[in-house]
Amino acid sequence: MNFGSLTAGPFLFPVPHLAPSFPLWDTNKIKGQSQTAKGIGARRSEAQRCFNQQEQWLHQPTPSIFPVFLAITSRCTPNPEPSWGCCLAPPLITSTLSLAGGHLNPAFSLTMCLLNQCPWWKMPIFCAVQVLAAFLGAGTVYALYYDAIHSYSNGTLAVTGPHETASIFATYPAPYLSLRNGFLDQVLGTAVLVVSILAITDARNKRIPPGLEPLAVGLLVLSLSLAMGANCSCAINPARDLGPRLFTYVAGWGPQVFRWVAGHYWWWVPVLAPLVGAAAGTAVYQLGVEIHHPPAQDEEEALSTEKPRRGAEKDVETPVYAVNMYAETWADGNLEVLPAGQRGK
């Protein structure tokens, strides 16, 4: 009977004093496998780092999807009066401040780019994400009010007429409004919005208490909707208008959503005019307020005195030599202190 090993199923337990002379495993092979595993882990970490760097362009714009989606679902309602969606602005803005910076409007994103607070290459990404979120929000509203919309319109999705339903989603001008007046309406409304937001968030102004900025912006949007929404529903947000308009185009309303009652093309006004208004509002605030701020305290100190760099020599006057009035001399084996003039005597 061979007691060189005891078997238990697929496992082998060698007896130490009767172990065979050949090794049961190759140590060099195990070391090679360990080094291979470390190499695979290092390559995986490097690939993950490269992936994070390549996908960095999505980290900031992506959080804008959820708040824009909620804003559209709350504002696009069959009720023609200003909806309670304006009251959702504070939590929506707060939810994006940490990652997205509150980018819920392409006009505001343009303002941040003009102020060098956002790189220009992110501008198209922000706009695309916001339009996509508005499109999805309009689809959600259509699914929620599907029966109500078709009951009111008798199954006909119309842009004009007594039973039109396209204005639930996108903005359309009043019958008396011309393109020129509508363009001015959007430019002025967006300029007021941008100037007010810059004033609210400017640290050099007499600011409101920290943390209440979203509430102030929400009340601002509500006041603008009430005061300037009679002509064309106060879009002042290209994504808020273009996204739902694209949805109505594919959902059954057809190409009529890109035209006005009189045959004019209205859709470009709430898309282009807010961008012009954002640029105008930014220029007005910079020229009217920002350049007139006194320099901050740290800037004044930097201009008046230059702070010494770490490791630099201090400008301290030190004497070239020091004169010692007493000298130490040995007299009869004792240490005696004599004036410097009596040395050698």
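Residue indices begin at 1 and follow the sequence shown.
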Exercise. Going only through I, L, V, M, F, W and Y residues with side-chain contacts under 4.5 Å, is there a path from Tyr249 to Tyr146?
Worked result: yes

Exercise. Quick one: are Ile149 and Leu157 in side-chain contact, heavy atoms under 4.5 Å?
Worked result: yes

Exercise. In Å and rounded to the nearest 0.5 Å, what is the CD1 to CG distance from Ile200 to Asn205?
Worked result: 10.0 Å

Problem set entry | Set of side-chain hydrogen bond (donor to acceptor under 3.5 Å, both in side chains) partners for Trp267, sequence neighbours left out | none

Problem set entry | Stepwise side-chain contact (heavy atoms from CB on, under 4.5 Å) check, Leu198 with Leu115 | CA-CA 11 Å; Leu198 292 179; Leu115 297 177; 3.7 Å; yes

Exercise. Just checking, Arg245 and Tyr172: is the charged tip under 6.0 Å from the six-membered ring centre and within 45° of the axis?
Worked result: yes

For this session: Establish, yes or no, whether a centroid distance under 6.0 Å links the rings of Trp266 and Phe258.
Result: no

Exercise. Taking the six-membered ring where the residue is Trp, are the ring centres of Tyr142 and Trp253 under 6.0 Å apart?
Worked result: yes

Exercise. Does the side chain of Phe108 reach to within under 4.5 Å of the side chain of Leu104, using non-hydrogen atoms?
Worked result: no

For this session: For side-chain contact (heavy atoms from CB on, under 4.5 Å), just list the numbers for Phe126 and Leu110, CA-CA rounded to whole Å, side-chain angles, deciding distance to a tenth of an Å, and then say yes or no.
Result: CA-CA 10 Å; Phe126 273 116; Leu110 176 62; over 6 Å; no

Problem set entry | side-chain contact (heavy atoms from CB on, under 4.5 Å) between His150 and Thr156, intermediate numbers included | CA-CA 7 Å; His150 285 269; Thr156 302; over 6 Å; no

Problem set entry | Verdict with supporting geometry, Val159 and Glu164, side-chain contact (heavy atoms from CB on, under 4.5 Å) | CA-CA 5 Å; Val159 180; Glu164 63 85 16; 5.7 Å; no

Exercise. Parallel, tilted or perpendicular for Phe183 and Trp268, by the 30°/60° rule?
Worked result: tilted

For this session: Output the distance between atom SG (Cys234) and atom CG (Leu226), rounded to the nearest 0.5 Å.
Result: 9.5 Å

Problem set entry | Asn181 side chain to Tyr176 side chain, donor-acceptor N/O pair below 3.5 angstrom | no

